[in-house]
Amino acid sequence: MSYFVQNTLSGLKKLLNKNDQMKIILDEGEVQNVSCSFNAPIQTAEIKKFESENNIKLPNDYKAFLTLHNGARIYDLIDDDGTNIGGGLHLFSLDKIEKKQEVEYISEHGIPIAHLLEDCYLILDIEKLKGGNPNYLNILEFTDLEILNLNFEIFLDRYIISQGVGFWNWPIYTAENYYRTR
């Protein structure tokens, strides 16, 4: 099976200027400057070591990402002075994953692989991975776990296409309730 995570990241990188920044359009027409940065790749041997030490088999699409970039920051918001003002998706390096696993309320739900929005974590569901369920990705917001029914590369692709907007919430908004929830 081939994975399109490389194509997704390659497409994003083509849109970045020489400072690894770009303009995006957010909800309701807001235009924002963002930056993206990508860590160096990690060797397959290091991924196998991580899996062995943590008694887990990481999903293949996520391993494909790690062999391209052992972590990344996508759509960090930048103010007019060029200062990072937060936001975005922060995909952890394997070292950072190990540190985040030490936080009990996070690790009891699975393996934290990213931080996004405010106080949300992207979580690999260990039980689903062990059972071979391809929809293994969840979002942990404070103590609420939201099941996404996605894998890593589909989440990443949709996150990039939606320009960092919480696309997983879109189905709950209708013309009747959208304006009441703003």
Side-chain angles (χ1 to χ4, degrees), residues 3-42 58-59 61-101 103 105-106 109-124 136-148 150-170 172-173 181-182:
Y3 299 98
F4 58 84
V5 66
Q6 181 174 357
N7 293 343
T8 299
L9 292 172
S10 178
L12 173 62
K13 290 175 187 178
K14 288 176 185 176
L15 299 175
L16 299 173
N17 66 21
K18 62 182 167 115
N19 296 321
D20 292 327
Q21 296 180 0
M22 64 188 278
K23 286 190 182 294
I24 62 171
I25 187 165
L26 297 173
D27 294 345
E28 301 179 4
E30 180 184 350
V31 175
Q32 183 70 52
N33 290 317
V34 296
S35 69
C36 299
S37 59
F38 304 92
N39 295 358
I42 196 165
L58 296 173
D61 60 336
Y62 182 64
K63 289 193 281 191
F65 166 75
L66 291 171
T67 61
L68 297 169
H69 301 289
N70 184 25
R73 295 176 72 105
I74 299 174
Y75 296 146
D76 279 346
L77 300 174
I78 305 295
D79 69 11
D80 291 337
D81 297 327
T83 304
N84 183 328
I85 56 174
L89 173 66
H90 302 168
L91 293 160
F92 301 145
S93 66
L94 286 182
D95 289 342
K96 182 109 180 200
I97 289 172
E98 287 180 339
K99 288 182 177 120
K100 290 292 181 184
Q101 283 182 283
V103 180
Y105 88 92
I106 298 172
H109 296 286
I111 300 172
I113 62 167
H115 183 260
L116 70 155
L117 305 174
E118 293 183 30
D119 297 318
C120 293
Y121 289 91
L122 204 55
I123 305 286
L124 300 177
Y136 56 77
L137 207 55
N138 298 325
I139 289 183
L140 178 65
E141 184 173 7
F142 301 108
T143 57
D144 295 330
L145 191 68
E146 182 173 347
I147 297 168
L148 294 178
L150 296 172
N151 66 9
F152 173 76
E153 76 176 345
I154 293 172
F155 174 87
L156 183 64
D157 193 59
R158 290 180 181 175
Y159 186 82
I160 289 171
I161 290 168
S162 70
Q163 299 188 35
V165 176
F167 67 87
W168 52 94
N169 291 323
W170 288 350
I172 65 171
Y173 295 115
T181 60
R182 294 176 31 193

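Position 1 is the first residue of the sequence; numbering continues from there.
Side-chain atoms of Ser35 and Ile78, non-hydrogen and from C-beta on, do get closer than 4.5 Å to each other. Looking only at side-chain heavy atoms (C-beta outward), Thr67 and Pro41 stay at 4.5 Å or farther from each other. Between Leu124 and Leu137 there is a side-chain heavy-atom pair separated by less than 4.5 Å. Residues Phe155 and Leu89 form a side-chain contact, since some pair of their non-hydrogen atoms from C-beta on lies under 4.5 Å apart. Using a 4.5 Å heavy-atom threshold, the side chains of Leu122 and Leu148 count as touching. The shortest distance between side-chain heavy atoms of Asp119 and Glu141 does not fall below 4.5 Å. Residues Asp61 and Ile154 fail the side-chain proximity criterion, which asks for heavy atoms closer than 4.5 Å. Annotation: side chain of Ile160 is in contact with side chain of Tyr75 (closest heavy-atom distance under 4.5 Å).
For His115, the ring-ring contact (aromatic ring centres under 6.0 Å, His included) partners are Tyr121, not counting sequence neighbours. Residues forming a ring-ring contact (aromatic ring centres under 6.0 Å, His included) with Phe38 (at least two apart in sequence, or on another chain): His69.
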Starting from the C-alpha separation in whole Å, work towards a yes-or-no answer on side-chain contact (heavy atoms from CB on, under 4.5 Å) for Ile74 and Leu9.
CA-CA 10 Å; Ile74 299 174; Leu9 292 172; 4.3 Å; yes
Using the side-chain hydrogen bond (donor to acceptor under 3.5 Å, both in side chains) rule, take Asp157 and Thr8 through it: C-alpha gap first, then chi angles, then the decisive distance, then the call.
CA-CA 6 Å; Asp157 193 59; Thr8 299; 2.8 Å; yes
Working note: Leu58 + Ile113, criterion side-chain contact (heavy atoms from CB on, under 4.5 Å); need CA distance, chi angles, decisive distance, verdict.
CA-CA 11 Å; Leu58 296 173; Ile113 62 167; 5.8 Å; no
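Tyr136 places a side-chain N or O within 3.5 Å of a backbone atom of Phe152 that can act as its donor or acceptor partner. Asn33 contributes no side-chain N or O that, together with a main-chain N or O of Gly82, makes up a donor-acceptor pair within less than 3.5 Å. With Ser10 contributing its side chain and Gln6 its backbone, the two residues share no donor-acceptor pair below 3.5 Å. Side chain of Glu153 to main chain of Phe4: a donor-acceptor pair is present (N/O by atom type, distance under 3.5 Å, no hydrogens or angles).
Shortest non-hydrogen contact noted between His109 and Ile123 is O-CG2, 3.3 Å. A pairwise comparison of heavy atoms in Gly88 and Tyr159 identifies C-OH, 3.3 Å as the closest pair.
Summarising the geometry, atom CG belonging to Leu12 is positioned 10.0 Å from atom CD belonging to Gln163; distances are rounded to the nearest 0.5 Å. Put simply, CG on Asn39 and OG on Ser93 are 6.5 Å apart, with the number rounded to the nearest 0.5 Å.
Among residue pairs with one or both ends in residues 67-83, those qualifying as salt bridge (Lys or Arg N to Asp or Glu O under 4.0 Å) are Arg73-Asp76; sequence neighbours excluded.
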